[in-house]
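The model shown is predicted, which means the values in this text are computed figures rather than measured ones.
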Amino acid sequence: MNPKLKEKIFESLSAVLPITGIVLLISILLVPVEIGTMVMFITGALMLVVGMGFFQLGAEMAMTPLGEGIGVQISKTRNIVLICLIGFSMGAIITISEPDLQVLAEQVPSIPNYVLILTVAVGVGIFLAMAICRILFQINLSTILIVLYVILIGMSLFIEKDFLAVAFDSGGVTTGPMTVPFIMAMGVGLASVRGDRNASSDSFGLVALSSVGPVLAVLILGSFYNPTQANYTSSAVANVVTTRDVVWEFMTSTPPYIKEVLISLIPVAAVFAIFQLISRRYQQRQVKRVLVGFGYTYIGLVLFLCGVNVGFAPVGSSLGKDIAAADWRWLLIPIGMLIGYYIVKAEPAIQVLNHQVEDVTNGAVSARAMNRCLSIGVSVSVGLTMLRVLTGLPIYWIIIPGYIIALILSRLVPKMFVGIAFDSGGVASGPMTTTFLLPLCIGACDAVGGNVMTDAFGVVALVALTPLIAVQIMGIVYQYKMRAAAQPAAAGAVSLDAMDEIFEFEEDDEYDEPS
């Protein structure tokens, strides 16, 4: 086996093992689960581990070089119109190929799937072009975010509350496993050409701005279509008895994902082919490496999506329904927080972000610190989501104050942490959120008789919100530690200068003495 692939699979295993263990413990201690269902879950977990390993290696070999290459080439172009056109096209193409967006489109009635997908793609394209211009012209990210979120919050006050959660969820699902590696790498490529002291901090923020676009676009769309309920079909647990049944269930469920991921990757592969023909940037060996990377990405996404949807999602829905139907339903909040703490580690794009942050900051912000910070943020998100499911708390009572706090913090932390924080919010809400946490919330909401549209939807939006606050708090702590470390160094420098003066004075006195 490829040593690098083996390393990635072991990383994935360490990420998925905790959430698998939690579900097993819940099934043993609280909610009994049939053996067949548990075998399905464990098989899905194994597919998820292998799929994540293949995907991470594929993204490293294909998506990252492609994104960086396009970013570098854009930086060398002086034609602003061409830059915006390229940014818009890339944003729209990558978004249309995002598997998570297909899942969301199926949940929203009254809006045709292609209308919702194209609306979201246009939103991402426009705001990715804006994000590229921000890096090139060195515009402060915090200022842009404050203006955009003020507009967003203002618009949300005039939208039907039944549609608000879906609009905010759309911002999270667009930044999934296909989009994040490409867009983040493009940011690094754009900033690398500049070479100034703010280049590292400006390389972040593309995902953040790309997440705002679809929310605004879907809010506008909602004023025309105004759907009133979610057309969500709970994932049914497959009726399996033998191991042959389990294998057959996964084999028959895989072909749709083979087709779906192929359709998703074809536009990206076409972009690579066109970019290579025009720029001749990559040598023959690099082209082969990128093509192998596309192969790894394809295999990884098929295994990941099949494992999560067939093995994980049905168990999530079943657990949520059974826990919420019990007398101790309030345990759903701490259980949800525990699941949220560990589930973010299993998001494939999170690992891409964390390692990129560690590389860009030269280890000043480690991948471990980012993992811990994001886990705490998502844990709080899921706890708040479960509270909403049980009480019917309106989402805007959490979303609006949360974004106000995040925007205030953006004026207090180092610039680099603003981009990292707002990028991490979009990255945290990936396939694991839409295919495990959402069914968990839906199952619980059904059991308590709540409104799925207002009480269960919104989990993606909340998962995208709390990391903004958590990472910026980490930035404040980091800034404080840096200042505290600088003070003794400054004091030491003063002391050394004083000692030099003393020694110079003594040497002068000694020199002036008569022999």
Is a side-chain N or O of [X] found less than 3.5 angstrom from the main chain of [Y], in a donor-acceptor match?
X      : Y      : result
Ser410 : Leu407 : yes
Ser375 : Tyr341 : yes
Gln472 : Ala406 : yes
Asp423 : Ala208 : yes

Euclidean distance, [Y] [atom2] relative to [X] [atom1], rounded to 0.5 Å:
X      : Y      : atom1 : atom2 : value
Leu338 : Leu331 : CG    : CG    : 11.5 Å
Leu145 : Leu152 : CG    : CG    : 11.0 Å
Ile263 : Glu260 : CD1   : CD    : 8.0 Å
Ile343 : Ile22  : CD1   : CD1   : 9.0 Å
Ile335 : Leu25  : CD1   : CG    : 11.0 Å
Phe304 : Leu48  : CZ    : CG    : 4.5 Å

Non-hydrogen atoms of [X] and [Y] that approach each other most closely:
X      : Y      : value
Phe417 : Val471 : CD2-O, 3.9 Å
Pro256 : Ser253 : CD-O, 3.3 Å
Phe294 : Ala62  : N-CB, 3.6 Å
Phe182 : Leu66  : CE1-CG, 3.8 Å
Pro214 : Val120 : CB-CG1, 3.6 Å
Ala324 : Ala447 : CB-CB, 3.7 Å

With side chains defined as the heavy atoms from C-beta onward, is the minimum distance between [X] and [Y] less than 4.5 Å?
X      : Y      : result
Ile132 : Met186 : yes
Arg329 : Ile323 : no
Ile398 : Arg388 : yes
Val215 : Met155 : no
Asn140 : Ile144 : no
Ile420 : Met370 : yes
Val16  : Met52  : yes
Thr20  : Phe41  : yes

With side chain to side chain contact (heavy atoms under 4.5 Å, CB included) as the criterion, how do Trp330 and Leu387 come out once you've worked through the C-alpha distance, each side chain's angles and the decisive distance to 0.1 Å?
CA-CA 8 Å; Trp330 287 99; Leu387 180 66; 4.2 Å; yes
Suppose we screen for side-chain hydrogen bond (donor to acceptor under 3.5 Å, both in side chains). Which residues come up paired with [X], at least two apart in sequence or across chains?
X      : answer
Glu60  : Lys8
Arg411 : Ser142, Thr143
Thr119 : none
Thr297 : none

Check Thr385, Leu332, Val382 against Cys441 for a side chain to side chain contact (heavy atoms under 4.5 Å, CB included) and give me the one that passes.
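With Cys441 as partner, side chain to side chain contact (heavy atoms under 4.5 Å, CB included) holds for just one option, Thr385.
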Please lay out, stage by stage, how Leu141 and Leu209 fare under the test side chain to side chain contact (heavy atoms under 4.5 Å, CB included).
CA-CA 9 Å; Leu141 176 62; Leu209 290 175; 4.2 Å; yes
For Val50 and Ile299, run side chain to side chain contact (heavy atoms under 4.5 Å, CB included): C-alpha distance rounded to whole Å, both residues' side-chain angles, the deciding distance at 0.1 Å, then the answer.
CA-CA 9 Å; Val50 177; Ile299 294 170; over 6 Å; no
Apply side chain to side chain contact (heavy atoms under 4.5 Å, CB included) to Leu128 and Phe88, showing your working.
CA-CA 6 Å; Leu128 181 59; Phe88 174 83; over 6 Å; no
Counterpart residues, ring-ring contact (aromatic ring centres under 6.0 Å, His included), relative to Tyr403 (two or more places apart)
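Residues passing ring-ring contact (aromatic ring centres under 6.0 Å, His included) with Tyr403: Tyr149.
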Run the side-chain donor-acceptor check on residues 456-468: report pairs under 3.5 Å with partners two or more places apart or on a different chain.
from   : atom 1 : to     : atom 2 : distance (Å)
Thr466 : OG1    : Gly377 : O      : 2.5
Thr466 : OG1    : Ser381 : OG     : 2.1

